Every structure is written in C-alpha cells, then in structure tokens.
Amino acid sequence: MHTSLYQTLATRGFIHSVSNTDGLRAALERPCTFYVGFDPTAPSLHTGHLIPLALAAHLAEAGHHPVLLAGGGTGLIGDPTDRAETRDLLSAERVAANTRAVRQQVDRLFENEQADVAIVDNAAWLTQLRYLEFLRDIGRHFSVNEILATETYRARLESGQGLNFVEINYRLLQAYDFLHLFREHGCILQIGGSDQWANILAGVDLIRRIEGEEAFGLVTPLLTTSTGQKMGKTASGALWLDPELTSPYDFYQYWINIEDASVERTLALLTPLPMDEVRALAALRGAEIRTAKERLAYEITARVHGNEAAAAARDGARALFGRDGGSSAAAPQTRVTQEQLAAGLGIVDLLLTTGLAGSRSAARRLITQGGAYANEQRVNSPDVVFDADAFQGGELLLRSGKKRYHRVLVDED
RNA sequence: GGGUCGGUGGGUGAGUGGCUAAUACCACCAGACUGUAAAUCUGGCGCCUUCAAGGCUACGUAGGUUCGAAUCCUACCCGGCCCA
C-alpha cells in the first residue's frame, strides 16, 4: 500500500509539531508551496539548519515547491528566540554580507534538486514597509499579552533580562513574511526548527485573520545527543556548512564520531537513505556499527559538499584510521618552505601554525599531556625540532589527540 | 528625567581591598579503557617565556584612591526594578 508523504516524514522523525495535522496531511496530497527561512546571523549556515533543509529536500522530492528565504530583513532585527539576553544588532553591512553567503549556500545545496526552487530575501519587502501602515494593518492583529506569554519572552521577563521594542517586533516581521509569501507565492506551509514554533504559528494566525485562509506550520525536532545536548558543536565552535569554515574532512569526522545512540535518528533525518536501510544499519552492534557511521558521515557530507568531497574525506579517514596506512591526502594541510625546514621546525610552532593548538601555551600543554604525535610517534618534549629527515617524502604527519590530523608539506623548489 | 540595584573567563554563576588568573557546575581539550562510540576514571582548560622561581594582560569603559583593587571613589556606557 502507498505510504503518504506525511507518514514518511513522521516515520523519519521530522515532525515535532504541526499546526493542524489532518489539514496538512490533506494539503500535501497536492503539490503545494512551502518555505523555510534562515536568518543571516553568521556568514554560513551550520548543522542546526540541516534538519529543516533535509525536510525541504524531502518535500521538494515529492513534488512540492520550496521557497528558501534568506532573512536579510529580519536579520537586521535579530530573533530573540532562545536568547537569554538582547543580542547586539548586527551592522547592515554584516547582515548584507551574511545574506549573500547564506543565499549562495542554500542555492548550492538545492542545485541538484529537480524541483523549481525559489530563493528570496525578505529585505526585498521588509525594507519597503511603511511604519504607520504596518502598525495599523499588521500590528493590530497581535496581542502583546500573548507574545509575552510565550516561552522565550516570558523567560526573558522572569529572568529580569528585559526585552526591547525591537525584539518584540521580530515575531510580527516573521509572521508578515509568511503572509507575504502566502500572497505572492501561494505559500501555504512554513517549516522550521522547533524553536521557531511560536514565530511560525504567528504567521499562520495572521494569514487566517487577514486572508481568512488556512496555512500550516510544521516544526522539526532539534538535533540533540542522547543526553539532550545540542549537536554540532566542536572545539572551534559551530560545525559550519561552508567548506572554508569547516573543511569537508572535519565535517565528515564530526559525523563519524557521533555516539551510537544517535545513529538511527541521524540517518533518518539527515540522509536520503530509505528507512529499511536506515534500520538495518542502526541495528548493527558493537564495532560493526562503525559501518553505519561511515555511511552516515558519507551521506551527510555528500549532501552538503558533494560526492567527490565526501569520497575524499572517507578515503582519507580510512587511510588515517585504518590499519594499513595509506594516503593521508584528505587531512588538512599546511605548506612550509625549504628555508623554514632548513632553519628547523619546532614542534610548538608547527602545532600552532597548523591550528592543532590555539596558542603556544596550548601546544605545550598538549605535548606535556602526551597528546602530540608526529608521524605517529608521540612527541615527548616541546623542544623537539624537525629537520629534513623527519619529512620522508616531503611530508610530516602531525596528530593532536587521537583524531585530529594535519599534514605539513615542504614546498618543492 | 529621578531613585535604586547590577554588568566577572565559551555558558551558568561565586567572589565585595592582599591568601584571586579568579570557587563551583556545564562545555571543551588530553591521558587511560574502547570500536575514530557511550559511560567511567585521571589530568588540563588567559597569554608569553630559556618552563623554574618569572613576566604580561584580564572581572562594562575611562580615570582616581591605596604599598596593593574584580573588590573603594568619580564620570561615562549598557541593563533590571520603582517613580515620571
């Protein structure tokens, strides 16, 4: 028997809340237009955005039309959701630059989709709003009491952290976005992470009040570990989707290192693999489950960075972590000149310049604690200096801890 | 605008003149055990250093008092609460 799209999404774990389950189920029977928005708070999307993106891909796959919204307008305001304190307003230039970056990224992520994808920037309409008109037409539909009663705002008030006028307006703008897209694109569904629930419902309500029509909201769960920690955090901060900020190799490494308990959920949410396969992979036990993690890491990396980059990351990881040596080509690399080599390269400096340590102090600490390796030999002293002998084949393989590799290559000349 | 309370390291949050580079918890890093897993145990977690006894910078910003300040004073910036 035919399984509905809605059912598939539910099985894969995408559905955290829906504004009207039956209504949405029915609406999805025919091709519809939906949207998901991303605020340009940083120059790149990160793992937190992957679930809504994956959901969008499933919907697109099923013939629905995605509208991907970059929040060049709302980014100027700043979403207070889940923020303990007022966030500093980003400069207009910053927002514009981030918006461009996010647009490009979203564009690239969907370039392989067959569906017609519309990419919009809400600055296009939000910056055109006229204040008095907006207040009279839109503002009157919002109850301040209601806004203040929702989790984010209430928490802010109770913690004595305050809340300024700009922040309380965020919700109206996001609701207005939905209304705008409903009118201009016939968009009847907004998806997002569960933190966006209240903002999305505000849009659903606004459309009902003004247009007298029903639109839907669907939010996904957040990506967390079994202990409820947000996934996607690394030593250097977020796990970015921009290869310049987080290399495909590091990205791959992150996923292959996730805890066993998260394998099934992550496969279901972030990879396109059929559920049968997901279950089979997740059923593996003991060391066997590594196979599932390899598949997981490959699929997610391929989705974000393409098959080629994913394969390179996988092969590199196999070589570095497998028994039989092999190529370390996928590891991040740094080049040094013949002159630098001739002068002698100190381990502390190398750890610093390769980024394996954040400071000279950190590098020394790492060595003292026994976490620094060169060509798989533990480095026991911060005084170790490498010369040409250490660079067999013009390369020195550094390692920090068990997992972080970095190649140092000598320039030919 | 007036009164009052507050702004501490990635986060939460102690500290109210020297014993404080700053308690604790979380996050993070390393070691041990493993399966590049989890849990657990151990160590670390500002920067620089010839690593030791050292030095430098840091508790909203700028000054000041003091032998000595995150801690006291002044001004300013930002925020809470009360009044307008």
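Note that this is a predicted model, so its numbers are computed, not measured. All chains are named by letter (A, B, ...) in the order of the sequence lines, taking the proteins before the strands, and each is independently numbered beginning at 1.
- Between the P atoms of B:rA69 and B:rU61, the separation comes to 16 Å (whole Å).
- Separating the CD1 atom of A:Ile367 from the P atom of B:rC29 is a distance of 18 Å, rounded to the nearest angstrom.
- As the counterpart of B:rG79, B:rC5 is assigned, both hydrogen-bonding distances of the Watson-Crick or G-U wobble pattern falling under 3.5 Å.
- Residues A:Tyr405 and A:Tyr249 keep their aromatic ring centres 6.0 Å or farther apart.
- Position along RNA chain B of the nearest nucleotide to A:Pro382 versus A:Asn164 favours A:Pro382 as the more 5'-ward residue.
- As judged by a 4.0 angstrom heavy-atom cut-off over every strand, A:Gly286 is placed among the base-contacting residues.
- In this structure, B:rA32 and B:rU40 make a Watson-Crick or G-U wobble pair, each of the two defining distances being under 3.5 angstrom.
- Using N1 to N3 plus N6-O4 or O6-N4 for Watson-Crick, or N1-O2 and O6-N3 for G-U wobble, each under 3.5 Å, B:rA14 pairs with nothing.
- For the OP1/OP2 pair of B:rA30 and a distance below 4.0 Å, the side-chain nitrogens and oxygens of A:Lys403 include no atom meeting the criterion.
- The nearest whole Å value for the distance from the CG atom in A:Leu366 to the P atom in B:rA30 is 7 Å.
- Going from atom CZ of A:Arg399 over to atom P of B:rA30 covers 10 Å, rounded to whole Å.
- Along RNA chain B, the nucleotide closest to A:Asp383 and the one closest to A:Gly371 are compared, and the more 5′ of them pairs with A:Gly371.
- If you take atom C1' in B:rC72 and the same atom in B:rA27, they sit 35 Å apart, rounded to whole Å.
- Residues in residues 342-376 of chain A take part in no ring-ring contact (aromatic ring centres under 6.0 Å, His included) pair, two or more places apart or across chains.
- For the C1' atoms, the distance linking B:rU71 with B:rA21 amounts to 15 Å, nearest Å.
- Classification of the A:Phe251-A:Trp255 ring pair by plane angle, with boundaries at 30° and 60°, yields perpendicular.
- Between the side chain of A:Asp387 and the backbone N or O of A:Asp389 there is at least one donor-acceptor pair closer than 3.5 Å.
- Under a 4.0 Å N-O distance rule, the pair A:Lys293/A:Asp260 qualifies as a salt bridge.
- Note: CG (A:Leu352) to C1' (B:rC48) measures 12 Å, nearest angstrom.
- Across all strands, A:Ile256 comes closer than 4.0 Å to base atoms (heavy-atom distances).
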Under 3.5 Å between N/O atoms: give me all the protein pairs with nucleotides 44-47 of chain B, atom names plus distance.
| unit_1 | atom_1 | unit_2 | atom_2 | d |
| --- | --- | --- | --- | --- |
| B:rG44 | O4' | A:Gln369 | OE1 | 3.3 |
| B:rC47 | OP1 | A:Ser359 | OG | 3.0 |
| B:rC47 | OP2 | A:Arg365 | NH2 | 2.8 |

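- Base pairing of B:rU71 is not made with any nucleotide, judged by Watson-Crick or G-U wobble geometry with both donor-acceptor distances under 3.5 Å.
- Taking atom C1' on both B:rG43 and B:rU65, the two are 43 Å apart, rounded to the nearest angstrom.
- B:rC59 and B:rA22 are spaced 8 Å apart, taking the C1' atom of each and rounding to whole Å.
- Here the C1' atom of nucleotide B:rA37 and the CD atom of A:Gln253 are 13 Å apart, to the nearest Å.
- Between A:His180 and A:Trp125, the ring-plane angle classifies as parallel under the 30° and 60° cut-offs.
- Using a 4.0 Å heavy-atom distance criterion, A:Ser400 is classed as a sugar-phosphate-only contact.
- Between B:rG9 and B:rA58, the two P atoms lie 14 Å apart (nearest whole Å).
- Remark: the separation of the C1' atoms in B:rC33 and B:rU40 is 9 Å, to the nearest Å.
- In this structure, A:Asp250 places its CG atom 16 Å from P of B:rC28, rounding to the nearest Å.
- Here the P atom of nucleotide B:rA37 and the CD atom of A:Glu294 are 15 Å apart, to the nearest Å.
- Shown here, B:rC45 forms no base pair; nothing in the strands shown gives a Watson-Crick or G-U wobble contact with both key distances under 3.5 Å.
- Between the P atoms of B:rG10 and B:rC5, the separation comes to 29 Å (whole Å).
- Other residues, nucleotides and ligands place no more than 12 heavy atoms under 6.0 Å from the CD atom of A:Glu308.
- Among the atoms of the strands shown, none is found under 4.0 Å from any heavy atom of A:Glu288.
- For the pair A:Lys402 NZ and B:rU34 C1', the computed distance is 9 Å after rounding to whole Å.
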Listed pairs under 3.5 Å, donor-acceptor, residues 190-197 of chain A side chains, sequence neighbours left out:
| unit_1 | atom_1 | unit_2 | atom_2 | d |
| --- | --- | --- | --- | --- |
| A:Gln190 | OE1 | A:Tyr35 | OH | 3.2 |
| A:Gln190 | OE1 | A:Gln174 | NE2 | 3.1 |
| A:Gln190 | NE2 | A:Tyr35 | OH | 3.3 |
| A:Gln196 | OE1 | A:Gln174 | NE2 | 3.1 |
| A:Gln196 | OE1 | A:Asn199 | ND2 | 3.0 |
| A:Gln196 | NE2 | A:Asp79 | OD2 | 3.0 |

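- If you check every strand for non-hydrogen atoms under 4.0 Å, A:Arg378 touches sugar and phosphate atoms only.
- Using a 4.0 Å cut-off between a side-chain N of Lys or Arg and a carboxylate O of Asp or Glu, A:Glu299 and A:Arg295 qualify as a salt bridge.
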